[in-house]
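Below, chain A is the first sequence line, B the second, and so on; all start at residue 1.
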Amino acid sequence: MCNLRFDDTNPSKEEVEYVESIQQDVRWLGFDWDDRLFYASDYFEKLYGFAIRLIQKGKAYVCDLSADEIRQYRGTLTEPGKESPYRNRTVEENLDLFQRMRSGEFPDGSRTLRAKIDMASPNLNLRDPVMYRILRSTHHRTGDSWCIYPTYDWAHGQSDSIEGITHSICTLEFEIHRPLYDWFLNALEIHHPRQIEFARLNLTYTVMSKRKLLELVEEQRVNGWDDPRMPTISGLRRRGYTPESIRLFADRIGVSKNESMIDVALLEDCLRSDLNKRAARAMAVLHPLRVIIENYPDGSVEDLEAVNNPEDPAMGVRKVPFSKVIYIEHDDFRENPPKKYFRLSPGMEVRLRYAYIIKCVDVVKDEKSGEVVELRCTYDPETKSGSSQSGRKVKGTIHWVSAMHAIDAEVRLYDRLFSVEDPNGDDWKECINPHSVEILRKCKVEPSLAAAKPQDRFQFERLGYFCVDNDSKTNALVVNRAVTLRDTWSKIEKA
RNA sequence: UGUCGGGUCGUCUAAUGGCAGGACAACGCCCUUUGGAGGCGUCUGUAGAGGUUCGAAUCCUCUCCCGACAGCCA
């Protein structure tokens with residue numbers, strides 16, 4: 001069981017715009033917090049009371065030092081700090097001043113409430129940390145009712161305690177703050193949750209820090225937080241990732257305190273293994289090459305049966321129309337086939353998935369450019385998929401769509417956002433992969449996709465897993481490539 | 001040269017004093033009407049040096065390397 005709490009301790013940060021999308025993301029991932037949605041601002045009054053208690057115990061004081069002065073008094077990593085001249089005010093004076101801070105008598109930044117701990121502590125967090133600052137700013141939940149706001153370090157542990165949290169897990173950078181949280185809880189003598197830290201996720205070929213992600217968004221190097229190249233939940237969702245695949249990924253990488261860099265290939269594999277079992281198959285041609293089957297009767301159309309998912313017979317079958325003119329993938333034809341190339345080439349045969357074996361008898365080229373623009377083929381009527389003669393072996397099987405039945409689609413091919421594994425250092429933005437997205441506008445997909453809606457996911461046979469984009473409209477299909485299939489051929493060809 | 005934390009195959013992660021295992025990646029083979037999926041196999045690891053022990057990745061000592069921390073951010 002978990003709570004969802006927003007630690008909205010700083011009204012000057014634009015938290016409002018994130019509150020809704022964070023909830024949406026967490027819910028989409030599959031978590032349910034029932035009615036336990038909380039805000040640290042729910043506890044402002046209680047926190048104020050806790051602060052008074054610490055003052056009364058002589059464990060907190062009002063300090064008149066400026067931000068700069070506090071920094072100077074803090075000392076350094078290797079040298080102890082100096083005590084504030086206001087450190088030994090009386091309880092009465094502190095109580096009075098703190099109450100007047102709340103009632104708005106002092107200007108922003110002029111005073112703070114600080115915990116009275118140890119200015120010589122080797123842990124900087126214990127050198128009299130600030131608990132309250134004066135800040136006149138409208139809060140998204142409490143409006144203008146407060147002009148002093150608790151710091152995160154002061155609010156966090158007590159908020160957990162109020163909620164009766166048993167285990168509070170957070171990332172490693174808060175490890176060094178734990179002694180402070182412990183100190184507050186012990187001083188207050190209230191329920192003491194156990195905080196456990198773990199390493200944050202790092203992925204290869206991307207950046208994860210909020211600061212860098214924000215920069216990418218603000219400088220329009222990506223199209224918003226949900227750009228399919230972003231490693232955000234909303235980006236992954238739009239890219240085509242499923243909640244299941246992300247949870248599988250989380251299971252596989254485990255939880256530890258090791259600061260690690262996880263190969264994005266592992267994430268991709270999780271998506272493949274989820275979608276392999278669940279995604280409907282379809283045929284789509286990204287770079288169409290027109291093929292005319294010369295001996296196929298003009299005007300004739302056959303509805304061929306295709307299985308929706310060979311991994312799951314329960315997903316059934318569908319009909320795919322076949323006719324004299326089809327499109328195949330441009331790359332599935334080579335005029336001069338390399339060794340081990342099992343697809344179409346002049347004089348050679350290939351199987352059309354769910355249809356016939358065809359043979360290439362002629363190649364039509366553009367007179368000027370010499371580019372192959374059309375193929376003339378013949379088919380063997382005896383080799384129809386599923387028929388008695390269909391067992392004839394050919395090395396390759398390729399996908400296709402019938403030209404007169406095909407639907408036009410825009411396909412967006414996404415690749416890694418960065419071209420280096422670990423884009424850190426000052427020049428990280430120069431490592432952005434210039435080919436992280438390629439937009440194809442003249443793709444042809446089989447007619448069954450006419451009804452596809454945003455977020456529908458498919459495997460386009462031999463190509464990869466694709467997800468209908470939010471930009472998609474009824475007569476203007478837009479799909480994103482989430483991840484390619486494993487491609488053994490590309491490795492053979494490279495070698 | 002302060003405090004805290006961390007070092008196990010290329011990458012993650014198991015093994016809590018008793019056979020260093022799994023996944024991803026890579027490579028090879030089989031199978032295949034997706035060069036998909038699947039199957040089989042190969043490769044590679046306890047940061048270093050001492051010590052305790054019948055036995056150490058695990059316990060002890062020293063060394064080395066990496067990270068976090070000097071916001072009135074979270």
Requiring both pairing distances under 3.5 angstrom, list the stems that contain RNA chain B and are made of three or more consecutive Watson-Crick or G-U pairs.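 In RNA chain B, stems of three or more pairs: B:2-7 with B:64-69, B:10-13 with B:21-24, B:26-30 with B:38-42, B:47-51 with B:59-63.
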Have a look at [X] and say if it touches a base, only the backbone sugar-phosphate, or nothing, with a 4.0 Å heavy-atom cut-off.
{"X": "A:K13", "result": "sugar-phosphate"}
{"X": "A:R353", "result": "base"}
{"X": "A:T76", "result": "base"}
{"X": "A:I253", "result": "sugar-phosphate"}

Determine whether A:F6 and A:F38 make a side-chain contact, defined as any pair of heavy atoms from C-beta on separated by less than 4.5 Å.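 A:F6 vs A:F38: side chains apart.
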Using whole Å, report how far CD1 of A:I176 lies from C1' of B:C69.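 Going from A:I176 (CD1) to B:C69 (C1'), I get 4 Å.
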If we count only N and O atoms by modelled type, under 3.5 Å, do the side chains of A:H287 and A:D331 hold a donor and an acceptor together?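 No pair is found: no donor N or O on one side chain lies under 3.5 Å from an acceptor on the other.
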With a cut-off of less than 4.0 Å, is there a side-chain N or O of A:N123 near OP1 or OP2 of B:C69?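 Checking A:N123 against B:C69: no side-chain N or O falls below 4.0 Å of OP1 or OP2.
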Quantified in whole Å, what is the C1' atom distance between nucleotide B:U44 and nucleotide B:C27?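 Result for the C1' pair: 12 Å, nearest Å.
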Kindly compute the distance separating CG (A:L485) from CZ (A:R272), expressed to the nearest 0.5 Å.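 Result: 7.0 Å between the selected atoms.
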Contact pattern, 5' to 3', of nucleotides 35-48 of chain B - B, S or - by protein heavy atom under 4.0 Å: BBSS----------
Set of side-chain contact (heavy atoms from CB on, under 4.5 Å) partners for A:I492, sequence neighbours left out: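 Applying side-chain contact (heavy atoms from CB on, under 4.5 Å) to A:I492 gives A:K340, A:T488, A:W489.
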